[in-house]
> 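Mind having a look at this structure? Questions to follow.
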Amino acid sequence: MLGPVILAASRSDRMRRLISAAPVTKQVVDRFIPGETVDDIVPIVEELTDRGLELTMDVVGEDITTPEQATAARDAYLALIDRLRDLGLGERVEMSVKLSMFGQALEGGHELALANVRPVVEAAAAIGTTVTLDAEDHTTLDSMFAIHEELRKDFPQTGCVIQAYLFRTESDARRLAANGSRVRLVKGAYKEPAEVAYQQKHEIDKAYVRVLRTLMEGEGYPMIGSHDPRLISIAQELARKAGRKLDEYEFQMLYGIRGEEHLRLAAEGHRMRVYTAYGTDWYGYFMRRLAEKPANLRFFVRSMLSKG
């Protein structure tokens, strides 16, 4: 399986230098990360919303080593929110944040991440939108869920992400569904040991369906993070059986992957949200997109060979 190899490479400084220096890399990265600054991304936001889509925005960057970098990450999100307010798009665009970017891994990181993310959640609420806390590797999740619970006391619309490949996720889903949370369900994109996570695709897919059924039958708002046509069909059937209306759940897909499917679902009346990342620290995000799906890796290799 190539996925674990690619995920290991995402932590390698040598591979980062090699891939970043390849002439074709920027062209390929642009497929998934369409800009480095807020100014770059505004035309993308306007284009997608004009086409009936919604967005969740991710300012990429995870390897935070100082409190100052964590503060800068907070400020980057606040600048994005200011621009969305000026564009009048607050109700169409939410934010996705990784707490590692807000200092979670530093000394006193739990309190630091909470202190940095709270102003972002407050500013998002002020323009009519919200924030979803992305899931990272399994060692960070207890902290993430605790921060999610704390934020929901004042901002109950704050969302979180759960990963189907982790053994713990079925229990997490039951708890979150019972308390009415907004929950994005994804398969998972980190290298996790067999002691905590399913390793085979068919096991992960089955777990995804079990967890999705729990979310659909619960009291919360499910967000289906998948590009898999079979899982999308299953999600629609589970929603129908649970008696959910089209505005009581949504689909989420990555920018640059299955764009026609984004438009098809939106045309059918579904809420379709495009996960759109931007920023200069793109390497870790980009490598996980390659690891998630062999077609992404083939696209990258083919592009490199054609430009060689």
> Should T132 and M95 count as side-chain neighbours, where that means a heavy-atom distance under 4.5 Å?
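No. Closest side-chain heavy atoms not under 4.5 Å.
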> Check whether any side-chain heavy atom of I232 sits under 4.5 Å from a side-chain heavy atom of L265, and report yes or no.
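Result yes, sub-4.5 Å side-chain heavy-atom pair found.
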> Would Y278 and L89 show up in the same hydrophobic cluster when neighbours are defined by side-chain heavy atoms closer than 4.5 Å?
yes
> Do other residues, nucleotides or ligands put more than 12 heavy atoms under 6.0 Å from the CZ atom of R51?
no
> Keeping the roles fixed (side chain from N116, backbone from R74), state whether a donor-acceptor pair exists under 3.5 Å.
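Not at all, since once roles are kept as given, no pair shorter than 3.5 Å links the two residues.
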> Identify, with sequence neighbours excluded, every residue that meets side chain to side chain contact (heavy atoms under 4.5 Å, CB included) alongside R230.
D205, D228, I234
> Could you work out, with ring-ring contact (aromatic ring centres under 6.0 Å, His included) as the rule, every residue matching H270, not counting sequence neighbours?
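Here the qualifying residues are Y249, F251.
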> Tell me if a side-chain donor or acceptor on R92 pairs with a main-chain N or O of T49 at a distance below 3.5 Å.
yes
> Just by distance, no angles: are the side chains of R182 and T158 close enough, under 3.5 Å, to form a donor-acceptor pair?
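T158 and R182 do not have a side-chain donor-acceptor pair below 3.5 Å.
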> Does the pair E149 and R152 meet the rule for a salt bridge (Lys or Arg N to Asp or Glu O under 4.0 Å), with working shown?
CA-CA 5 Å; E149 184 175 348; R152 288 195 74 227; over 6 Å; no
> Mark yes or no for whether T130, through its side chain, and Q157, through its backbone, hold a donor-acceptor pair below 3.5 Å.
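Indeed, once roles are kept as given, a pair shorter than 3.5 Å links the two residues.
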> Closer than 4.0 angstrom, basic N to acidic O: yes or no for E248 and K245?
no
> How long is the gap from CZ on F102 to CD1 on I64, to the nearest 0.5 Å?
9.0 Å
> Taking H227's backbone N and O only, do any of them form a donor-acceptor pair with R258's side chain (distance below 3.5 Å, no angle check)?
yes
> Output all residues satisfying side chain to side chain contact (heavy atoms under 4.5 Å, CB included) with E170, sequence neighbours left out; order by chain, then residue number.
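So E170 forms a side chain to side chain contact (heavy atoms under 4.5 Å, CB included) with R174, Y198, R210, V211.
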> Kindly say whether T66 contributes a backbone atom to a donor-acceptor pair with the side chain of Q69 at under 3.5 angstrom?
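The answer is yes, because a donor-acceptor pair under 3.5 Å joins these two groups.
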> Could you measure the distance from the CD atom of E150 to the CD1 atom of I147? Nearest 0.5 Å is fine.
9.5 Å
> Taking the side chain as C-beta and beyond, is there a heavy-atom pair between R168 and V196 under 4.5 Å?
no
> Got a donor-acceptor contact below 3.5 angstrom from the H262 side chain to the I257 backbone?
yes
> Evaluate side-chain contact (heavy atoms from CB on, under 4.5 Å) for Q104 paired with L112, printing each intermediate quantity in order.
CA-CA 7 Å; Q104 186 186 42; L112 179 62; over 6 Å; no
> Check step by step if side chain to side chain donor-acceptor pair (under 3.5 Å) holds for T56 and E94.
CA-CA 5 Å; T56 185; E94 67 161 39; 3.1 Å; yes
> What distance do I33 atom CD1 and I44 atom CD1 have between them, rounded to the nearest 0.5 Å?
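So the CD1 of I33 and the CD1 of I44 are separated by 12.5 Å.
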> Counting C-beta onward and ignoring hydrogens, is there a side-chain heavy-atom pair between R184 and D134 closer than 4.5 Å?
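In short, these two side chains touch, coming nearer than 4.5 Å.
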> Do the non-hydrogen side-chain atoms of L151 and R118 ever get within less than 4.5 Å of each other?
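Result yes, sub-4.5 Å side-chain heavy-atom pair found.
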> Is NZ or CZ of R175 both nearer than 6.0 Å to the six-membered ring centre of F145 and within 45° of the ring axis?
yes
> Going by heavy atoms in the side chains, are E192 and D137 under 4.5 Å from each other?
yes
> Would the distance check show the side chain of Y165 and the main-chain N or O of K201 forming a donor-acceptor pair, the cut-off being under 3.5 Å?
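Looks like no, no N/O pair under 3.5 Å.
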> Applying the 4.5 Å side-chain criterion to the ILVMFWY set and letting contacts propagate, would V183 and L238 be lumped into a single cluster?
yes
> Using distance only, find each side-chain donor-acceptor pair of residues 216-225 under 3.5 Å and give its atom names and separation, not counting sequence neighbours.
residue : atom : partner : partner atom : Å
Y221    : OH   : E250    : OE1          : 2.7
Y221    : OH   : R271    : NH1          : 3.1

> Which residues pass the side chain to side chain contact (heavy atoms under 4.5 Å, CB included) test with A105, sequence neighbours left out?
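If we apply the side chain to side chain contact (heavy atoms under 4.5 Å, CB included) test to A105, skipping adjacent residues, there are no hits.
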> Step by step, work out the side-chain contact (heavy atoms from CB on, under 4.5 Å) result for Q236 and E268.
CA-CA 12 Å; Q236 291 171 312; E268 290 182 355; 3.7 Å; yes
> Within the side chain of E136, is there an N or O that forms a donor-acceptor pair under 3.5 Å with the backbone of L99?
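Flag set: sc E136 to bb L99 pair under 3.5 Å.
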> For the atom pair CD1 (I162) and OG (S181), what is the distance rounded to the nearest 0.5 Å?
9.5 Å
> Got a sec, which residues hit side chain to side chain contact (heavy atoms under 4.5 Å, CB included) with D40, two or more places apart in sequence or on another chain?
E36, T37
> Nearest 0.5 Å please: distance from the CE atom of M272 over to the CG atom of L48.
9.5 Å
> What pair of heavy atoms forms the shortest contact from E46 to L87, and how long is it?
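Answer, listing the atom of E46 first, then L87: OE2-CD2, 3.5 Å.
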> Looking only at heavy atoms, which two atoms of L78 and A123 are closest? And how far apart?
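Between these two residues, the closest heavy atoms are CD2-CB, 3.8 Å.
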> Give a yes or no answer on whether the side chain of S143 reaches the backbone of T140 with a donor-acceptor pair at less than 3.5 Å.
no
> Which heavy-atom pair separates L53 from A266 by the least distance, and what is that distance?
CD2-CB, 3.8 Å
> As an exercise, state the distance from CG of L114 to CE of M144, rounded to the nearest 0.5 Å.
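With rounding to 0.5 Å, CG (L114) is 13.5 Å from CE (M144).
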> Is any side-chain heavy atom of Y77 closer than 4.5 Å to one of V97?
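Yes - at least one pair of side-chain heavy atoms lies under 4.5 Å apart.
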> Between the side chains of E91 and T129, is a donor N or O closer than 3.5 angstrom to an acceptor N or O?
no
> State plainly whether the residues E260 and R264 are in salt-bridge range, i.e. N to O under 4.0 Å.
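So E260 does not pair with R264 through a salt bridge.
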> Taking a hydrophobic cluster as the set of Ile, Leu, Val, Met, Phe, Trp and Tyr residues connected by side-chain heavy atoms closer than 4.5 Å, whether directly or through intermediates, do V120 and M57 fall within one such cluster?
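Yes, it is one cluster - the side chains of V120 and M57 are joined through contacts under 4.5 Å.
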> Would you indicate whether the side-chain heavy atoms of P34 and T276 approach each other to under 4.5 Å?
yes
> Where do A70 and G103 come nearest, in terms of heavy atoms and distance?
CB-N, 3.8 Å
> Does any N or O in the side chain of T169 come within less than 3.5 Å of the main-chain N or O of Q163, such that one atom is a donor and the other an acceptor?
yes
> Looking at every heavy atom in both A277 and I41, which two are closest together, and how far apart are they?
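Heavy atoms only, the tightest pair is O-CD1, 4.3 Å.
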> Does D58 come within less than 4.0 Å of K98, counting only side-chain N to carboxylate O?
yes
> Could you state whether F167 and V209 fall into the same hydrophobic cluster, counting links through intermediate Ile, Leu, Val, Met, Phe, Trp or Tyr residues with side-chain heavy atoms under 4.5 angstrom apart?
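They do share one cluster, since a chain of ILVMFWY contacts under 4.5 Å joins F167 to V209.
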> Between A146 and H110, which heavy-atom pair has the shortest distance, and what is it?
CB-CE1, 3.7 Å
> Is there a path of hydrophobic side-chain contacts, each under 4.5 Å between heavy atoms of I/L/V/M/F/W/Y residues, joining L141 to V117?
yes
> Any chance you could lay out the side-chain contact (heavy atoms from CB on, under 4.5 Å) test for S226 and V186, step after step, and finish with the verdict?
CA-CA 6 Å; S226 178; V186 300; over 6 Å; no
